[in-house]
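Remarks on the structure that follows.
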Amino acid sequence: MKITVYLFATYREIAGTGRLTLDLAPGDTVASLASSVTALVPGLPPADRLVVAVNNEYRDHDFILSDGDEAALIPPVSGG
Amino acid sequence: MKITVYLFATYREIAGTGRLTLDLAPGDTVASLASSVTALVPGLPPADRLVVAVNNEYRDHDFILSDGDEAALIPPVSGG
Amino acid sequence: MIEITHDELNAAEVEARVRHPGAGAIVVFVGATRDNTAGRKVLALEYEAYRPMADEQLERVASEMQERWDLTGVAIAHRLGRLDIGEASLVVAVSSAHRKEAFDACHFSVDRIKQIVPIWKKEYFEGGEVWVGSQADFDPIGVRP
Amino acid sequence: MIEITHDELNAAEVEARVRHPGAGAIVVFVGATRDNTAGRKVLALEYEAYRPMADEQLERVASEMQERWDLTGVAIAHRLGRLDIGEASLVVAVSSAHRKEAFDACHFSVDRIKQIVPIWKKEYFEGGEVWVGSQADFDPIGVRP
């Protein structure tokens, strides 16, 4: 299944792109997504430290993804 | 000695005037002033409960007054 | 930085007085006249001050704030005279490098103004009026900042 | 009541959104860009957001405020894009019958925004730039309001 992953701020600059498309297997979790991204993009924090949002909600690493989900790697926020 | 006493808000309305002039003796204190005012103006709180400012500073009842001092009876404040 | 006035208060103007290149946080308090007190409908209010003592006591509040917190700016404006419901009676603006200082100092200032500054509020109800203020709580000499 | 914009923020306009006849207290927080961070001179800043997630998380902060305190109004505006020093990046306005609620809710909102809202700040120094944000403190799922 296709999952779009958005990258922001420092992660976007590390990756050199703001968007990746991953091909994951049905039943794959946020943890699988994080491992796939860190394998593709050197220089990110370790996969188990990545904070991930799915469809605009923060999700734990055991959250199961569905085809067409929009995911995002969220670096430490610093708004305000 | 002559002491001018200003009255504000509810005290002014009780007294029907915003200003009294008292003739006090040298060495008289804020306590003497408070007693003189309550003797003149029925309806004020008891003399020992009155809060008095002298020359724009809050003063204890044992504060000694001087000729020409400007005193004021300060009702409970409610600004803000 | 201290102002007591019969004119309408402008919170933006008061806030502008505390702007500073080292200020990361500005906290502004606006005290407004409410349409009710303990469920009773208030029609209008009137503020009276003992001047210049009120000015001096407001200066004292500002000094206490500056002594106690590391601030880049303090401005206080209090309105006098007759106010309609919803109008601002008090505006305090505080700026600081960090927000905790600005919040704490601003909150302190309002509490402190209500303890020591000789300003009085009269509330006008239908068929009555009353000077607000509690004799039991009033101890401007004893109370510590 | 929530706004994320590239336009300059107007604190007075945000404050006007929380005016209410039952509001005795309005507290406004303005977060401004400082000219230094830990002693290093900052020249400019840039804010980036993940939208619409940032909008939704700001709405969540506003809801948490309304649930926790008895408020008569909440308005939040966050700026994006490049900002000069001294410009406002965040404005929160809160109104309530009484001041303690307004102060507490406003302070909470700023802390909470810095915990969960996906907005990032880049600081531009002489000869360098850095995305601000601490990996060690960042736990938007674990942290409770």
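Source: prediction; values computed, not measured.
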task = Could you please state which residues from residues 59-72 of chain C sit under 4.5 angstrom from chain B, measuring non-hydrogen atom to non-hydrogen atom, sorted by number, or 'none'?
result = Arg60(C)

query = Which answer fits Val132(C), side chain, backbone, both or neither, if we ask what part of it has an atom under 4.5 Å from a heavy atom of chain B?
reply = both

request  = Report yes or no: does His78(C) contribute a side-chain atom to a donor-acceptor pair with the main-chain N or O of Gly79(B) at less than 3.5 Å?
outcome  = no

ask   = Which region of Trp120(C), side chain (C-beta onward) or backbone (N, CA, C, O), has a non-hydrogen atom less than 4.5 Å from a non-hydrogen atom of chain B, or is it both or neither?
value = both

request  = Please name the pair of heavy atoms, one in Ile116(C) and one in Val77(B), separated by the smallest distance, quoted to 0.1 Å.
outcome  = N-CG2, 4.2 Å

Listed once per pair and sorted, the salt bridge (charged side-chain N to carboxylate O under 4.0 Å, His left out) pairs that draw on residues 63-80 of chain B, sequence neighbours left out = none

task = Determine whether Val51(B) and Ile141(C) make a side-chain contact, defined as any pair of heavy atoms from C-beta on separated by less than 4.5 Å.
result = no

request  = Determine the minimum heavy-atom distance between Ile74(B) and Phe138(C), stating which atoms define it.
outcome  = O-CE2, 3.3 Å

key: Inter-chain contacts: residues 85-96 of chain C against chain B, heavy atoms under 4.5 Å   = Ser89(C), Leu90(C)

key: chain B neighbours within residues 24-58 of chain C, where any heavy atom lies under 4.5 Å away   = Tyr47(C), Glu48(C), Ala49(C), Tyr50(C), Pro52(C), Met53(C), Glu56(C), Gln57(C)

request  = To the nearest 0.5 angstrom, please state how far the CH2 atom of Trp131(C) sits from the CZ atom of Phe8(B).
outcome  = 10.5 Å

remark   = Assert top hit (heavy-atom pairs under 4.5 Å, partner chain B, pool Pro140(C), Gly133(C), Pro118(C)) equals Pro140(C)

inquiry  = Using every non-hydrogen atom in the two residues, find where Pro45(B) and Gln135(C) come nearest and quote the distance to one decimal.
reply    = CG-OE1, 3.7 Å

inquiry  = For Lys114(C), which atoms come within 4.5 Å of any heavy atom of chain B: side chain, backbone, both, or neither?
reply    = both

query = Checking Arg59(B) against chain C: side chain, backbone, both or neither under 4.5 Å from a heavy atom?
reply = backbone

